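Chain A is the first sequence line, chain B the second, and so forth, proteins listed ahead of strands; every chain is numbered from 1. For clarity, every value in this text was computed on a predicted model and none was experimentally measured.
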Number of protein chains: 2
Amino acid sequence: MSTRGRGLHGHVLDTLGPAITAGEYPPGSVLRTDELAQRFEVSRSVMREAVRVLESMHLVESRRRVGVTVRPTAEWNVYDPQVIRWRLAGADRPRQLRSLTVLRSAVEPVAAGLAARHATAEQCAELTECALGMVATSRGQQLEGYLVHDVAFHRIVLNASGNEMFARLGDVVAEVLTGRTHHQVMFEDPDPAAVTLHVQVAEAVRAGDADRAESLTREIAVGALRELDVLAP
Amino acid sequence: MSTRGRGLHGHVLDTLGPAITAGEYPPGSVLRTDELAQRFEVSRSVMREAVRVLESMHLVESRRRVGVTVRPTAEWNVYDPQVIRWRLAGADRPRQLRSLTVLRSAVEPVAAGLAARHATAEQCAELTECALGMVATSRGQQLEGYLVHDVAFHRIVLNASGNEMFARLGDVVAEVLTGRTHHQVMFEDPDPAAVTLHVQVAEAVRAGDADRAESLTREIAVGALRELDVLAP
DNA sequence: GACTCTTGAATTAGTCAGACCTAATGCGTT
DNA sequence: AACGCATTAGGTCTGACTAATTCAAGAGTC
């Protein structure tokens, strides 16, 4: 999925991107286009295209007579899904998961409140279906199935909010949830309280109760943050 | 500021980017690299680099034997600062301002709460300074000066939250505030209630009162949303 | 006759190599 | 300290070639 056949420059990015975001080339490091082209055994044109993409992500800056300089972390486009994926695959995955979870805790409650006002009947039905799916897979080592419904649930809420910026966080949430399931204890079933809360959120959205949908989602978020505190100091 | 001298491909992007995000080429439209290169009077290499950048923003997709296809709006990287700037300069600026303001209303209260816990003494001082600056420029047609302090205030709060994702929204908030000041009624002085709230937020952060900082900031956000409702149906 | 499968021609992006241009940088001279 | 020039690495252009994908025409089948 990550290594789509976007051509040679894509392959270069799949190697260079993770290397830079992982801090392998610390901010201030200087790379030279020609040297990189030789190392990756591609032409200068291809390497230039790759550099342009990294530049548009604000990961590097290209200057004449100097080379390609890695920019400070604070300037990176950390909302770029590609950058998020690269960083989640790297060493500071825990820190990244925490940042994203805090973001979720801010956004999702408001999104749920808006969803309660704007969700269509179809979206309400899908939401309920997801919640029931979560209940059905909440016991007996069915974490993969649970994950699917969980991701779908949050994606629907974000979409139903009617806010474009919220909707585009669906992928981020999916990455966070997937990361949590795949890189932490797979032995225990999900927290029963969280399952119940999801069902209640679905009900609140269906009933059009914005305040209740928001505060219930806030409880889910608090739970997710607490879970992170327990598993990662 | 927008037209940085990033070379020819930058100039192409400054024209093509706004055109695409403005819907001048609706999703599904097909462009051809060679034709574009001719129209912009640049070589294919330069045009290819520009297309690669647009591709990394998920604005277009390049396929063999087909051309460069404009992707559906729902797939765009709407958090890319460049895309945000392009869209804010375009026709659906009002819709965009609303989306971003709703995002602010979700994020900033949580950020303020975290800032109350993590802000350094220096950040607290800067925050108070900004709040005082806002008070000083709140009367007598000093909207430009007020804007500077307002932007700085929110930027400090987001930075002081200690969360990287929040911090990177500083530019977005700056764009929103600037847009509000420059494209709406410039005659009236800012709402006195909002000024007071900013001062109180600075106090709450300094006092380490997270709950108070959060709820006060939520009031600011509600005010901003109400202001939008009044000025844009 | 309608349908499916194969094949090949047309088209467009992808890649490469080499040449030349341009602008910063850094050093040596004055 | 100020100036100027050589160096260096990115910026641009060109032309040729490669490769993938679409589309349509034709062969084969039911």
Side-chain angles (χ1 to χ4, degrees), chain A residues 1-17 19-20 25-72 75-76 82, chain B residues 1-17 19-20 25-72 75-76 82:
Chain A
M1 179 189 291
S2 181
T3 357
R4 298 175 280 178
R6 289 113 77 224
L8 288 183
H9 94 280
H11 177 251
V12 171
L13 284 173
D14 285 338
T15 308
L16 251 191
I20 293 176
Y25 304 96
S29 305
V30 176
L31 312 171
R32 267 165 302 152
T33 308
D34 296 311
E35 181 194 323
L36 291 173
Q38 281 187 16
R39 189 189 323 165
F40 288 101
E41 297 178 321
V42 296
S43 68
R44 211 156 75 97
S45 341
V46 169
M47 183 52 68
R48 285 181 55 76
E49 288 170 20
V51 167
R52 283 283 180 261
V53 172
L54 294 174
E55 204 176 18
S56 88
M57 297 169 172
H58 279 68
L59 293 182
V60 303
E61 188 181 7
S62 182
R63 277 168 55 199
R64 279 186 145 136
R65 179 56 174 131
V66 173
V68 179
T69 314
V70 179
R71 303 180 73 151
E75 298 178 7
W76 295 352
Q82 183 78 91
Chain B
M1 179 188 290
S2 182
T3 356
R4 298 176 279 177
R6 290 112 79 221
L8 288 184
H9 95 280
H11 176 250
V12 170
L13 284 173
D14 285 337
T15 308
L16 251 190
I20 294 175
Y25 304 96
S29 305
V30 176
L31 311 172
R32 268 164 297 151
T33 308
D34 294 325
E35 182 195 323
L36 291 174
Q38 280 186 17
R39 188 189 324 165
F40 289 101
E41 298 181 317
V42 296
S43 67
R44 285 199 323 282
S45 344
V46 169
M47 183 52 68
R48 285 181 55 74
E49 289 170 19
V51 167
R52 282 276 123 82
V53 172
L54 294 175
E55 205 175 19
S56 87
M57 297 168 172
H58 277 71
L59 293 183
V60 303
E61 188 180 7
S62 181
R63 277 170 53 198
R64 276 182 151 136
R65 180 55 171 95
V66 174
V68 179
T69 314
V70 178
R71 305 181 71 151
E75 298 177 7
W76 295 353
Q82 183 78 87

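- Contact annotation: side chain of R65(B) to base of dT22(D), donor-acceptor pair present below 3.5 Å.
- Of all the heavy atoms in F40(A) and M47(A), the pair that sits closest is CD1-CE, 3.5 Å.
- Look at CZ on R48(B): it is 15 Å from P on dC13(D), rounded to the nearest Å.
- Summarising the geometry, the separation between NE2 on H9(B) and P on dG10(D) is reported as 15 Å, rounded to the nearest angstrom.
- Here dT12(D) presents its C1' atom at 16 Å from NE2 of H11(B), a figure rounded to the nearest Å.
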task = Could you walk me through whether S45(A) and S45(B) pass the side-chain contact (heavy atoms from CB on, under 4.5 Å) test, one step at a time?
result = CA-CA 7 Å; S45(A) 341; S45(B) 344; over 6 Å; no
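- Applying the side-chain contact (heavy atoms from CB on, under 4.5 Å) test to R48(B) and every residue at least two apart in sequence or in another chain returns E49(A), T33(B), R52(B).
- As a whole-Å value, the separation of E49(B) CD from dA13(C) C1' is 15 Å.
- The CZ atom of R6(B) sits 19 Å away from the P atom of dG10(D) (whole-angstrom rounding).
- Nucleic acid contact class of R63(A) (heavy atoms, under 4.0 Å, all strands): sugar-phosphate only.
- Separation of atoms CD (E55(A)) and CG (L59(A)) is listed at 10.5 Å; rounding is to 0.5 Å.
- Shown for residues 31-44 of chain A: residues whose heavy atoms fall under 4.0 angstrom of DNA chain D, namely L31(A), R32(A), T33(A), D34(A), R44(A).
- Here S45(B) lies in heavy-atom contact (under 4.0 Å) with a base.
- With values rounded to the nearest 0.5 angstrom, M57(B) atom CE is found 5.0 Å from S56(A) atom OG.
- Regarding contacts with the backbone of dT18(D), every side-chain N or O of R64(B) stays at 4.0 angstrom or more from both OP1 and OP2.
- One can place CD of E61(B) at 15 Å from C1' of dT12(C), the figure rounded to the nearest angstrom.
- The shortest side-chain heavy-atom distance between L13(A) and L54(A) falls under the 4.5 Å cut-off.
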